[in-house]
Amino acid sequence: MGNRAPLLGVSACLLGLPVRYDGSARPSAPVLDLFRHVFRLVPICPERAIGLGVPRGPIQLVETGEGLRLLDVDEPRRDHTAALRAAARRFLVEHPGLCGLVVKARSPSCALSDAAVAGAAGRTAPGLFVQVVRAVRSDLPLVDERGLESQDVLLQFMLRVLERHGGREVPTSGQQGVEGPGSDQGSLHRALLDAVACSEAGIGAAGRERLKTWLETRA
Ligand code: SF4
């Protein structure tokens, strides 16, 4: 593996890609204005990964005698559970260096915890993709776009991703997602601070100070 910035998986619709069931996207300002300059981003749309088209009929989590299943709303006999689990495992195998994941809230595939469960009034659960991620990589930092609305959550998530990146190799000049010259740890830290300082979806002066302190203690 060459020199690389931390690798972050992102629900594709949060990157502005029109992959939702109705052809829309849900671009996330922290992802596009901040993370894009700090991390290498890899999009994942679990529903597209199992061959569902755009547009497509909605799917939902349903409590059944066999546990939670991911079924078509209009054609409940179409069960996507096994295919989506396999796609999730494939994604993790293909990206062993993943340092974190930003996912879409309320999605039956991507949600952290708040996907509605049909047939169980008021009950929510993680989306199926996230269920697999947690089972396979229980220590992977995860956040959804609603969590990123809090500067504190945003900063903590960034620090956990950077912590996980830890001793991994650092970026070289011109690599996707990272600006700044050189390949030493100091250059990575400068690039991070520059990116955070320039970001419109930034973490504020206090957050920048905490990030700076964190980086300095690891320089
Ligand atoms: S929430 Fe997940 S499955 Fe749904 S469109 Fe976005 S990336 Fe695809």
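Each residue takes its place number in the sequence, starting with 1. For clarity, every value in this text was computed on a predicted model and none was experimentally measured. First listed ligand is number 1; within each ligand, the first listed atom is number 1.
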Side chain to side chain donor-acceptor pair (under 3.5 Å) partners of R123, counting only residues at least two apart: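 Side chain to side chain donor-acceptor pair (under 3.5 Å) list for R123, sorted by chain: E63.
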Closer than 4.0 angstrom, basic N to acidic O: yes or no for K104 and E145?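 Yes, this pair counts.
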Between R164 and D139, does any NZ, NE, NH1 or NH2 come within less than 4.0 Å of an OD or OE carboxylate oxygen?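 The answer is yes: the pair qualifies as a salt bridge.
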When you group the ILVMFWY residues by side-chain heavy-atom contacts below 4.5 Å and let the links chain together, are V136 and V130 in the same group?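 Per the 4.5 Å side-chain linkage, V130 and V136 are co-clustered.
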Step by step, work out the side chain to side chain donor-acceptor pair (under 3.5 Å) result for D152 and S150. CA-CA 5 Å; D152 201 49; S150 155; 5.5 Å; no
Would you please write out the protein residues whose heavy atoms approach any atom of ligand 1 to under 4.0 angstrom, listed by chain and number?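 The answer is S11, A12, C13, V19, R20, I44, C45, P46, E47, R56, K104, S107, S109, C110, counting any residue whose heavy atom sits under 4.0 Å from ligand 1.
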Regarding S24 and R20, do their side chains bring together a donor and an acceptor under 3.5 Å, going by distance alone?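 Their side chains do contain a donor-acceptor pair, which is all the 3.5 Å distance test asks for.
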